[in-house]
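Okay, structure first, notes after.
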Amino acid sequence: MSGRTASLATLAGIVLLLPLALQNNYYYEVAIQVGLNAIVCVGLNLLIGYAGQISLGHAGFFGLGAYGSAILTARYGWPPLAALASATAGVAVLAYLIGRPILRLRGHYLAMATLGMGIIISIVIATEDRLTGGPDGMPVPALAAFGAALSGERVWYWVVGATLLAAVWLALNLVDSPHGRALRALHGSEVGAEVTGIDSARHKVKVFVISAVYAALAGSLTAHYAGFVTPAKVTFFHSIELVTMVVFGGMASTFGAVVGAAVLTVLPQALTVFKEYEMVVFGAVMMLTMIFMPRGLVPTLALTLSGRRLPR
Amino acid sequence: MSLLRVEGLSKEFGGVHAVQQLDFAIPAGQVFSIIGPNGAGKTTLLNLLTGIYVPSSGRILLEARDLTGRAPYEYAARGIARTFQNLQVFFNMSALENVMVGRYLHERCGLPAALLRFPSLARAERACREEAESLMRFVGLGEYAQSPSDAMPYGALKRLEIARALATKPRLLLLDEPAAGLNPTETLGIDALISKLAESGVTVVLVEHNMKLVMGVADRILVLDYGKRLAEGTAEEVRRDPKVIEAYLGAGAH
Amino acid sequence: MKFRSMLAALAVLVLGAAQAQEPIRIGSFLAVTGGAAFLGDPEQKTLELYVERLNAAGGVLGRKLQLIVYDSAGDAEKARTFAKRLIEQDKVDVIVGGSTTGETMAMVPLVEAAGVPFISLAGAVVIVEPVKKWVFKTPHSDRQACERIFVDMKARGATKVALISGAGGFDKSMRAQCLQVAKNHGIEIVADEAYGTGDTDMTAQLTKIKNTPGVQAVLNVGFGQSPAIVTKNHKQLGISQPLYQSHGVASKAFIKLAGDAAEGVRLPAAALLVAETLPDSDPQKKVVLGYKREYEARFKSEISTFGGHAWDGLMLAVEAIRKAGSTDKAKVRDALESIRGFVGIDGVFNMSATDHVGLDISGLRMLEIRKGDWTLVK
Amino acid sequence: MSAQFLQFLLAGLTVGAIYALVALGFSIIYNASQVINFAQGEFVMIGGMCTVWLANAGWPLPAAIAAAVLVAAAVGLALEKLAVEPARGASVVTLIIITIGASILLRGLATIVWDKNIHPLKAFSGEAPIQLGGATLLPQSLWVLGVTVVIVLLLSWFFGRTLLGKALLATSHNRLAAQLVGINVRHVLLASFGLSAALGAVAGILVAPITFTAWDVGVMLGLKGFAAAILGGMGSGPGAVLGGLVLGIVEAMGAGYVSSAYKDAIAFVIILAVLFFLPSGLLGRRSSDRV
């Protein structure tokens with residue numbers, strides 16, 4: 001469909017042209033972080049935005065991906081790509097096993113259960129310090145592909161950019177397929193979806209696993225890119241940050257997830273000028289945006305641009 | 001031969017018997033109507049017949065295949081579709097997409113095919129869209145094809161649910177008070193639509209409060225009262241049944 | 001020819017002048033907010049105060065100092081980004097910062113790759129062991145703190161020790177070090193309990209310790225409010241074995257929080273806390289007293305040893321730049337490594353190629369809290 | 001019953017009572033507005049910090065406490081009026097994000113208005129431990145338990161006997177119906193935020209002498225309170241109290257008998273286990289779809 005191709009082309013254009021505006025490695029660093037966060041958010045948006053199932057525990061999957069890669073390479077000497085693939089696959093299996101019982105819960109209970117799951121993962125990571133280095137984290141070997149180690153922001157920019165484009169492409173395809181319609185249907189009305197022949201439990205687990213894989217993959221990449229992992233990105237604060245990005249950018253909008261990740265990753269860097277008022281300004285920006293654009297940035301702007309009135 | 005058979009069906013909620021010991025059969029190709037005053041257990045029965053509620057006892061058989069205890073989506077897969085009195089439209093999707101969801105069962109597509117958008121899927125999607133459009137025209141919603149569903153009037157949403165149900169290609173279509181909340185003109189339209197459905201060969205179960213609608217289109221009528229069977233027969237038989245007159249028509253004839 | 005040499009002279013003059021005006025950039029990222037804010041806050045204040053004073057006194061090498069501080073909130077990921085910002089965007093000459101070990105370790109690969117002298121303010125021994133070319137640090141290592149505590153315990157005849165520690169990086173690193181060096185000092189760890197960050201009650205853990213047979217002393221490793229809660233719970237349960245805390249609680253705030261329960265608690269800390277009572281012969285007396293007075297006069301709040309780490313970091317950087325006579329990064333690094341006999345807050349620094357802290361255990365004084373104040377254990 | 005067990009139980013009850021108060025705050029707002037107020041923990045912080053601030057400024061403790069509760073309630077009212085009400089009609093997740101934004105804002109304000117230090121508060125009636133069957137208990141724990149009991153009694157009277165309380169309950173059961181019988185739902189919403197904020201503040205004040213207070217104490221207490229509310233069944237008052245106590249006791253027992261490093265993990269495993277068998281918590285309303 002043309003809408004899908006157009007938004008993918010726009011994103012590809014941005015990824016291609018952005019380096020013109022990136023003056024030094026610090027800008028690349030921020031851009032790479034935007035990309036990595038965006039990958040998680042695109043996956044999380046499939047779960048929250050499209051299927052309507054909240055998760056406050058995705059930092060746990062992110063962390064398992066990161067630490068899986070870190071431990072397999074640093075402690076057991078695995079080749080990084082094999083570690084990345086195994087960590088991601090391991091998270092997929094875990095998400096499948098957890099997903100079945102957890103996704104029977106609804107609304108706030110689901111929020112609590114996923115929150116608890118994430119916290120349990122982060123406690124294990126912080127406590128098992130012989131394996132994980134504990135709260136101070138552990139170093140991670142660089143990602144090597146075809147005999148050459150990937151290092152330097154400029155190389156990583158293209159790696160992350162390409163991964164993001166692939167992630168967005170897959171997500172857009174999924175949303176616009178019978179599977180995607182099934183997900184959106186069970187968000188709209190679970191009973192309605194069931195009597196239309198959709199096995200809602202199976203679909204919820206499926207999208208839960210997909211979103212966990214997105215998070216784990218981004219986690220693995222982050223670990224190899226940064227060369228270091230700490231439990232800071234596994235805490236429930238980070239889970240909430242991820243959900244905030246998705247909602248901020250606009251639920252049920254893949255492009256919105258990317259924009260939300262971009263804005264909320266860049267914003268703290270921009271707000272350093274406010275010094276001790278940084279937190280106040282950040283909180284205020286979050287509140288005001290959600291009050292005046294309850295559907296999130298991208299859907300609200302899209303509606304405004306297309307000249308339609310906002311239905312409330 | 002009957003399409004659906006119900007044997008000794010009961011459902012209780014914490015001591016309240018919503019449905020008690022029902023036995024009936026729905027013949028294929030007919031319009032079968034279930035009527036009864038408010039609280040008679042009509043909607044509970046419908047929820048039982050679509051797997052939303054699990055019966056406390058009894059069996060539900062579709063062409064001798066026992067469906068008791070199965071999940072709603074399995075009922076749908078066996079060819080039972082329904083609409084809702086309290087609309088269950090997917091308001092986060094366009095009208096056309098709502099109907100396309102109904103095609104879910106007939107669009108076999110693996111996850112890799114969906115993620116990578118195989119060419120075969122693209123073709124199937126085009127076919128799906130065309131079929132959904134034609135179904136929307138069939139139920140009289142041709143003008144709404146591109147509308148977001150949350151911008152449609154109530155009467156149109158009722159038809160939208162029928163179109164979605166038809167998209168599953170059901171053998172048995174259960175309509176839960178399709179005329180409730182509609183004005184007389186709209187009711188006539190639904191009346192005509194149900195007749196059209198019946199002619200197309202679908203077996204229709206019509207749960208209604210509106211007696212006029214039922215009497216006009218139903219081949220057989222089951223009258224419920226307090227979850228129990230009060231009477232069953234043709235429109236004419238039911239209308240003359242003294243128990244029915246007393247319990248239902250007598251109380252609220254109109 | 002003449003014209004050419006004139007041009008060259010002019011260029012030297014212009015460039016030289018520009019160089020003179022170009023400030024020396026000191027970069028920093030600190031946990032100014034977040035759970036470790038009580039570290040980052042005094043550290044930031046100290047850096048700001050002394051950069052201001054150094055500039056008022058004419059700067060360093062005739063150039064002004066410019067301080068660039070970012071708040072990492074104790075988050076290693078943020079610290080790494082800010083480190084990159086300092087190196088790439090702000091083009092700092094030297095970095096003094098990193099309130100916690102996690103932040104520090106996350107950016108070590110960056111400074112090593114970029115070749116920027118970096119003085120960390122965090123405690124764990126992993127920062128400087130093995131030695132990293134560009135990385136230095138000012139506080140005593142957690143291992144040294146463990147050793148100082150064990151020496152004191154041994155002197156009091158306590159060899160069976162119950163350990164209790166928090167879940168933070170500082171806590172876990174020091175716990176591991178203590179477990180490791182205990183044997184060397186003839187100490188046996190007979191209980192090893194833990195509590196979570198933000199926990200409000202540790203009586204359960206301490207009850208277990210109380211009921212562990214043979215315990216002769218209790219050591220708590222942690223910082224923030226948790227050690228004060230442990231101290232109060234220790235008193236509440238009537239545990240008779242003496243309680244030791246780590247250098248992580250070396251600020252007056254701890255005594256204020258723990259109140260009466262703090263009586264008799266011992267901990268290793270820098271001379272700063274007992275500045276006034278130091279004998280005049282003590283080489284550190286002048287330095288620590290000066291810092292204490294200036295800080296307290298300016299901020300109307302009590303000093304902590306954490307701010308002292310920042311003083312040491314800044315002054316070591318300045319000293320190295322003076323010694324190097326330029327801000328050339330390699331020269332500054334070499335100068336840092338060759339600093340000997342530098343009297344700081346944490347002790348007397350003797351850096352070397354194999355020791356990037358340069359402090360020995362003598363800089364850590366064993367203090368006991370008596371009548372709500374620090375006293376030096378003789 | 002061994003002394004050790006009793007000690008764990010007392011520790012668990014004290015902490016649990018605090019969780020219960022925070023959980024009650026979650027439940028009251030949830031009932032009135034279906035909003036999970038993630039800024040609930042900040043009311044706890046405001047209560048404690050404001051009391052400390054005023055007490056240090058020379059106010060007598062009771063006056064400082066009363067003022068702090070009022071300040072927190074005012075912040076609660078402002079939050080409802082300025083942030084939640086203008087966003088009415090937004091999705092639940094959007095509202096959650098708004099309250100998360102509010103919690104960041106409030107924490108930021110606290111660091112500016114007050115500071116980033118940790119502050120002690122004098123215990124209400126001394127620090128001399130009370131011996132109890134081989135275990136010890138601080139007088140402040142008795143304050144915590146006692147005030148919690150009083151508040152629970154007051155709340156049950158409020159919801160059972162007063163007009164506003166009944167209006168709150170009615171709104172929670174059916175907002176539209178409540179509106180139709182003439183209840184001003186907007187006032188009810190406002191009242192629920194004020195009441196929850198006051199409850200949170202009381203919790204923060206009670207616990208401050210035991211655990212101290214700082215600009216960020218609300219984060220963990222808010223999280224535990226939310227967990228307690230869910231465990232008990234979101235929206236159920238008795239559930240919130242039960243959830244809080246169970247959570248506190250599970251933590252203390254977990255730390256005492258299993259592993260202190262994993263005590264939080266143990267608590268969350270138990271919450272997950274409960275939710276798998278009782279998807280609406282211990283005392284939550286069993287929901288069934290009406291279709």
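In what follows, chains carry the letters A, B, and so on, assigned in the order in which the sequence lines appear, proteins first and then strands, with residues in each chain numbered from 1.
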Under 4.5 Å from any heavy atom of chain C - which part of A/Tyr27
side chain
Give, as side chain, backbone, both or neither, the part of A/Met138 having an atom under 4.5 angstrom from any heavy atom of chain C.
neither
Could you walk me through whether A/Val30 and C/Arg85 satisfy the side chain to side chain contact (heavy atoms under 4.5 Å, CB included) test, starting with their C-alpha distance in whole Å, then the side-chain angles of each, then the deciding distance to 0.1 Å, before giving a yes or no?
CA-CA 9 Å; A/Val30 175; C/Arg85 189 165 178 178; over 6 Å; no
Out of A/Ala226, A/Ala232, A/Gly227, return the one with the most heavy atom pairs under 4.5 angstrom to chain C.
A/Ala226
Heavy-atom side-chain proximity of A/Glu29 to C/Glu88 below 4.5 angstrom:
no
To the closest 0.5 Å, what do you measure between OG1 (A/Thr272) and CZ (C/Phe82)?
6.0 Å
CG/A/Asp136 to CD1/C/Ile127 distance, rounded to the nearest 0.5 angstrom?
8.0 Å
Checking an interface table here. Which of residues 112-130 of chain A come within a heavy-atom distance under 4.5 Å of chain C?
A/Ala126, A/Thr127, A/Asp129
Rounded to the nearest 0.5 Å, how far does NZ of C/Lys78 lie from CD of A/Gln269?
9.0 Å
Any chance the side chains of C/Thr81 and A/Gln33 put a donor and an acceptor closer than 3.5 Å?
yes
Heavy-atom side-chain proximity of C/Glu103 to A/Thr230 below 4.5 angstrom
no
Of all residues at least two apart in sequence or in a different chain, which pass the side chain to side chain contact (heavy atoms under 4.5 Å, CB included) check with A/Glu153?
A/Asn25, A/Tyr28, A/Ile32, A/Tyr225, C/Lys84
Contact origin within C/Ala106 toward chain A - heavy atom pairs under 4.5 Å
both
Would you say A/Lys233 and C/Asp75 make side-chain contact, with heavy atoms under 4.5 Å?
yes
Measure distances from A/Phe228 to the heavy atoms of chain C and classify the residue's part below 4.5 Å as side chain, backbone, both or neither.
side chain
Which atom pair, heavy atoms only, marks the closest approach of C/Ala167 to A/Pro135?
O-CG, 3.0 Å
Has C/Phe299 got more than 12 heavy atoms of other residues, nucleotides or ligands less than 6.0 Å from its CZ?
yes
Side chain, backbone, both or neither: which part of C/Thr33 has an atom under 4.5 Å from a heavy atom of chain A?
side chain
